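What follows is a single structure, written as structure tokens, with notes after it.
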Amino acid sequence: MTFIQRVVDFFSFSTRPVTVLTLATYAAILIASIWIHEGNPHVPSKPSKQLGLDLDAAWNDLEHITTYPHPYNSHQNDVVRAYILARVKAMGKRRESYFHISDDNISNGTYAAGQLIYFEGNNILVKIDGSDYDADQKGGILVSAHFDSVSTAPGATDNGMGTATTLSLIDYFAKNRPSRNIIFNLNNGEEDWLNGAHAFLEHPWASLVSVFLNLEGAGNGGLVTEHAFKRRVVRSGTDFEVYDKAGMKGLDLAFYRQRARYHTKYDSVPALGGQGSLWSMMAAGLQATQALDAAKPGSEGGDQPVYFDLFGATMIVLEQNTMFILNVVALAVGPLIVAAILVLLRGKGKLVWSTEGWFRFPLASIAAAASTIGLANLYSKFSTYIIYSSSYSVLASLLITFYLILYAILRTLNWYKPPSGGQPAQRAIVFLQTYFFWWSFLILDTVVLKVLQVGGLYFVTFYHAGTLAALVVSLLEMLWVVKGQSAASINGEEPTEEEEPRRSGPFGDDEAETHEEAEVSEATERTSLLPKHADRDEWIIEDHRLATPLWGIEFLLAAGFPIILTTQIALLLLTSMSQTLADGNKPLSVYLIVAIFSSLIILPLAPFIHKIHRVFSLVLVFILIATVAYNMLAFPFSLYSPLKVYFQQTVDLDANGIEPHNVVELVALQGYLERYIVPSTPSGQDAVNKGLLTCGPPEAKRAGLWSCRYPGPPPNVAPISAKDIGTEFGSTAKPDIITFNATRLTANTGKLTVKGRNTRSCRLYFDDPIKAIHVKGGNDRVQPGYPVPEDGVKEVRLWSRTWDKEFEVLVEWEGKVRKQKVTGRVACEWAEMREGRIPALEEVLGFSPMWTAVTKLNDGLVEVYKKFEM
């Protein structure tokens with residue numbers, strides 16, 4: 001056998017080459033994708049490699065900002081704000097001519113978002129004038145990040161890194177003036193219904209903005225964009241919503257990984273594992289801001305872009321309109337190309353298809369998809385939360401299930417009745433059917449892109465293109481086929497009885513096939529260089545120099561780039577969605593999405609899968625058994641992937657001796673909450689023993705979860721002095737923790753005043769809807785775009801920038817309502833996790849299982865209320 005013959009034999013469409021290329025391609029893509037997905041971003045060690053940014057200064061800012069939890073309604077929030085203000089003032093020294101600071105203690109806003117909200121903002125804004133002479137006419141750029149955290153987390157990712165990045169960008173552009181005006185909004189109060197962004201809309205500089213970049217955190221590590229929030233893939237609201245609704249165009253860059261630690265004590269600097277995540281946001285934020293600065297005026301006012309990265313190395317950005325045009329052209333041109341080649345083949349007598357083999361791929365793919373979805377459904381019913389901590393094990397089992405079913409059916413049918421048109425024809429049939437699938441899917445993608453303005457299905461465009469290219473090569477391959485006699489006659493030999501093929505079954509012939517191919521190759525100079533069935537006529541490639549590489553080219557076109565994209569999307573969805581089950585997401589929807597993308601990753605292998613060595617499939621069978629067994633039996637939560645437990649304590653100042661004076665409410669997944677978590681705390685176990693524990697669906701927030709309520713130790717949120725700690729709600733309760741007055745003015749108006757001690761957040765709850773409010777010192781209008789619903793609202797939330805403020809609120813309800821009494825509750829909130837202030841919370845933190853993590857249920861960790869009537 002000559003060297004060329006050996007090379008041709010090595011690359012032939014047979015078991016060994018197909019198995020090697022398949023394993024090499026999938027292993028390279030999967031390992032590289034997971035490695036980059038899980039690994040920490042590279043941090044340049046030399047300052048000269050840091051793009052002009054100062055990573056050490058940003059890290060120092062992060063440590064100062066995230067020393068303690070600092071929600072808007074906390075004294076630590078004032079400490080953090082003072083630090084940030086001092087930092088920007090230092091950056092602006094000797095740059096006063098183009099560096100402007102607004103210490104905004106003026107902007108107030110009123111808006112409706114399910115309830116009426118009155119908010120007094122104290123954002124810190126910086127405006128750097130652009131160097132272009134017409135910068136004021138070009139429209140400004142807004143870079144926004146909120147600096148408040150939730151009450152239960154130091155906020156390293158949400159949103160300490162966004163704040164530190166923004167400070168770093170201010171420093172950079174102060175030294176490197178941009179062409180356009182850039183406004184930096186370090187806003188306060190995002191965690192309490194996006195209040196800081198609403199306050200910005202009331203600032204004069206808001207009218208200067210045409211495009212924005214929002215830096216956010218909805219997890220720990222990884223970056224996700226606004227589509228994940230807008231389509232509720234990740235259950236979080238960001239300031240993007242406010243800016244987008246105000247008519248600005250822009251981007252939302254947010255962390256999404258390790259969502260189980262989001263809003264908990266684990267969202268801290270030590271848990272980051274280094275500076276990689278911070279550098280990733282800094283570099284992305286700088287590059288995005290520079291791109292917006294370099295954009296032509298008005299160009300950013302078009303559709304939202306479609307963008308994705310490749311292995312974390314480069315970002316591909318396309319306008320939605322460009323994607324739409326590409327899709328429309330592909331939908332029209334693709335079928336024309338295929339039809340033209342089919343006509344050419346028919347004219348030359350090379351269209352070798354028969355009626356055999358057309359139902360193999362549809363049957364196999366439907367069965368494989370059904371089996372994969374069936375396994376996903378099995379997980380959702382009997383091991384519902386295993387994906388929470390063992391997402392890769394779930395993904396592996398779903399990938400293997402689709403592969404094995406597809407392999408078993410196609411291999412069996414190919415053994416039972418080999419295709420009469422030969423392997424080239426069979427591959428072309430599968431490619432044609434796959435192309436029709438992706439062409440149909442591309443129609444859906446194009447409609448979604450145009451109607452919903454969502455570019456998240458961009459991978460369909462590349463699947464369509466790759467499959468079309470592979471189909472074209474596969475069809476052109478037929479130009480070089482000839483109809484052969486039996487394999488023996490083609491080899492110049494007379495058939496004998498001993499030449500009957502060995503057919504030991506669909507899964508028992510791999511070694512025999514490889515050995516037989518080698519023997520035939522060594523027969524004579526006229527021996528065919530392709531494997532043949534000796535018992536039937538078949539179409540073979542006339543020129544082996546063309547035949548040998550074609551199947552490999554088809555494989556790489558159909559499976560290469562599309563699988564890279566789909567794997568990256570699958571990992572993103574797996575990581576961002578798997579731990580949203582603790583937020584109330586439906587488990588089945590999460591498992592189904594993972595199952596669908598698992599199927600899409602394996603699907604391009606269909607034209608080649610029957611040639612893969614049976615030993616590889618046998619190994620996968622054992623891996624499938626092991627992963628399914630683990631997924632069905634393992635405990636779903638761990639210290640690394642803790643279950644979230646939502647906490648709030650309420651105190652009823654009107655309670656008599658029979659009713660509970662205060663109530664602790666814990667919200668988490670049903671089954672785990674009442675069985676493990678509540679009994680682990682002293683107060684919870686005491687409530688169980690006395691029959692005082694009540695559980696059921698939550699009354700308002702966190703649909704899909706379970707709530708348990710029980711009496712707990714009283715809070716100490718507003719002591720007058722140290723000696724008063726523990727006396728606020730006892731027999732000597734201080735009457736002034738909440739003071740209020742309710743006065744009926746007319747038939748449909750009234751006035752309420754409310755003041756809480758050591759807080760700047762209060763609420764009004766009404767038993768019947770109201771239609772309007774006016775807070776003394778606030779605006780006379782409701783913010784545009786946020787009107788009060790026609791049926792009114794039953795809740796008003798009040799936020800002050802100062803402590804111990806008395807809110808004076810004029811309330812109006814429908815004129816038709818002429819009740820003798822208007823009733824409701826006044827309440828105030830407290831959100832500081834200071835030692836000794838909320839013993840019930842300290843109990844939950846100290847006694848809950850190690851595989852849990854506590855977070856806030858509402859804006860206030862403690863709510864104290866009293867009834868009123870007018």
Side-chain angles (χ1 to χ4, degrees), residues 62 65-81 84 117 119 145-164 186-197 214-220 229 234-239 241 254-256 258-269 271-272 579-580 582-584 642-649 665-668 700-702 705 715 717 759-761 763 797 799 829-834 837-838 840-842 844-845 848 852-863:
L62 179 64
I65 292 168
T66 61
T67 304
Y68 302 103
H70 48 282
Y72 182 84
N73 189 19
S74 71
H75 293 85
Q76 183 64 25
N77 183 274
D78 295 334
V79 175
V80 171
R81 186 180 186 278
I84 293 171
I117 297 174
F119 182 76
H146 71 90
F147 64 80
D148 61 304
S149 74
V150 296
S151 52
T152 51
T157 61
D158 187 19
N159 188 34
M161 282 197 280
T163 304
L186 290 153
N187 74 79
N188 198 3
E190 188 270 356
E191 297 294 354
D192 306 311
W193 298 88
L194 316 180
N195 292 333
N214 186 54
L215 304 176
E216 180 56 90
N220 183 346
F229 300 105
V234 180
R235 283 195 177 187
S236 292
T238 75
D239 290 333
E241 300 176 19
F255 293 106
Y256 66 89
Q258 297 182 19
R259 184 159 174 91
R261 300 184 166 208
Y262 170 64
H263 282 184
T264 74
K265 65 180 181 180
Y266 297 112
D267 185 13
S268 61
V269 169
L272 295 178
Q579 294 185 338
T580 61
D583 300 331
L643 171 64
K644 281 187 182 176
V645 180
Y646 297 89
F647 172 93
Q648 187 179 37
Q649 185 172 15
E665 181 179 15
L666 301 182
V667 175
K701 300 188 69 175
R702 301 297 170 186
L705 299 181
V717 289
T759 184
R760 48 187 180 189
S761 172
R763 296 187 180 190
R797 299 186 178 184
W799 298 88
E829 316 285 314
W830 286 265
E832 292 192 271
M833 283 183 57
R834 299 180 64 179
R837 296 297 176 87
I838 312 177
L841 176 60
E842 294 174 2
V844 178
L845 288 169
S848 292
T852 63
V854 181
T855 186
K856 59 136 186 175
L857 177 62
N858 218 319
D859 299 337
L861 292 171
V862 173
E863 179 178 274

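Computation of the quantities below employed the complete heavy-atom set of this structure, encompassing side-chain atoms and omitting hydrogens, waters and symmetry-equivalent molecules. Not measured: the values here are computed from a predicted model.
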Are any side-chain N or O atoms of Asn159 and backbone N or O atoms of Leu215, one a donor and one an acceptor, separated by less than 3.5 Å? yes

Least distance between heavy atoms, Ala153 atom then Asp267 atom: CB-CB, 4.2 Å

To the nearest 0.5 angstrom, please state how far the OG1 atom of Thr152 sits from the CD atom of Glu191. 9.0 Å

Closest heavy-atom pair and its distance - Phe119, Gly196: CE2-N, 4.1 Å

Quick check with a 6.0 Å cut-off and a 45 degree axis cone: is Arg760 positioned over the face of Tyr72's six-membered ring? yes

Please report the interatomic distance CE(Met833) to CG(Leu841), rounded to the nearest 0.5 Å. 5.0 Å

Main-chain N/O of Trp799 paired with Ser761 side-chain donor or acceptor, under 3.5 Å: no

4.5 Å side-chain heavy-atom contact, Trp830 and Leu861: no

Does Thr163 use its side chain to pair, donor to acceptor, with the backbone of His146 at less than 3.5 Å? yes

To the nearest 0.5 Å, what is the distance between CG on Asn214 and CD on Glu241? 10.0 Å

Counting only N and O atoms by type, is there a donor-acceptor contact under 3.5 Å from the side chain of Glu832 to the main-chain atoms of His75? yes

Any sub-3.5 Å donor-acceptor pair from Gln648's side-chain atoms to Gly860's backbone N or O? yes

Partner of Thr66 by side chain to side chain contact (heavy atoms under 4.5 Å, CB included), out of Val269, Leu272, Thr157: Val269

Does a side-chain N-to-carboxylate-O contact under 4.0 Å join Asp859 and Arg763? yes

Report yes or no: does Lys644 contribute a side-chain atom to a donor-acceptor pair with the main-chain N or O of Gln579 at less than 3.5 Å? no

Closest heavy-atom pair and its distance - Ser149, Gly155: CB-CA, 4.1 Å

Closest non-hydrogen atom pair, Ser151 against Pro71: CA-CG, 3.8 Å

Checking Asn77 side chain against His70 main chain: does a donor-acceptor pair fall under 3.5 Å? yes

Apply side-chain contact (heavy atoms from CB on, under 4.5 Å) to residues Tyr646 and Asp583 and explain how you reach the verdict. CA-CA 10 Å; Tyr646 297 89; Asp583 300 331; 2.7 Å; yes

Okay, side chain of His263, backbone of Asp158: is any donor-acceptor separation there less than 3.5 Å? no

For Glu863 and Asn858: C-alpha separation, side-chain torsions, deciding distance, then whether side-chain contact (heavy atoms from CB on, under 4.5 Å) applies. CA-CA 9 Å; Glu863 179 178 274; Asn858 218 319; 5.7 Å; no

Rounded distance (nearest 0.5 Å) linking atom CG of Leu194 with atom OG1 of Thr238: 7.0 Å

Run the numbers on Val717 and Thr759 for side-chain contact (heavy atoms from CB on, under 4.5 Å), then give the verdict. CA-CA 9 Å; Val717 289; Thr759 184; over 6 Å; no

Considering all heavy atoms of both residues, which atom of Gly160 and which atom of Ile65 are nearest to each other, and what is their separation? CA-CG2, 4.5 Å

To the nearest 0.5 Å, how far apart are CZ in Phe647 and OG1 in Thr855? 11.5 Å

Which heavy-atom pair separates Ala156 from Ser268 by the least distance, and what is that distance? CB-C, 3.4 Å

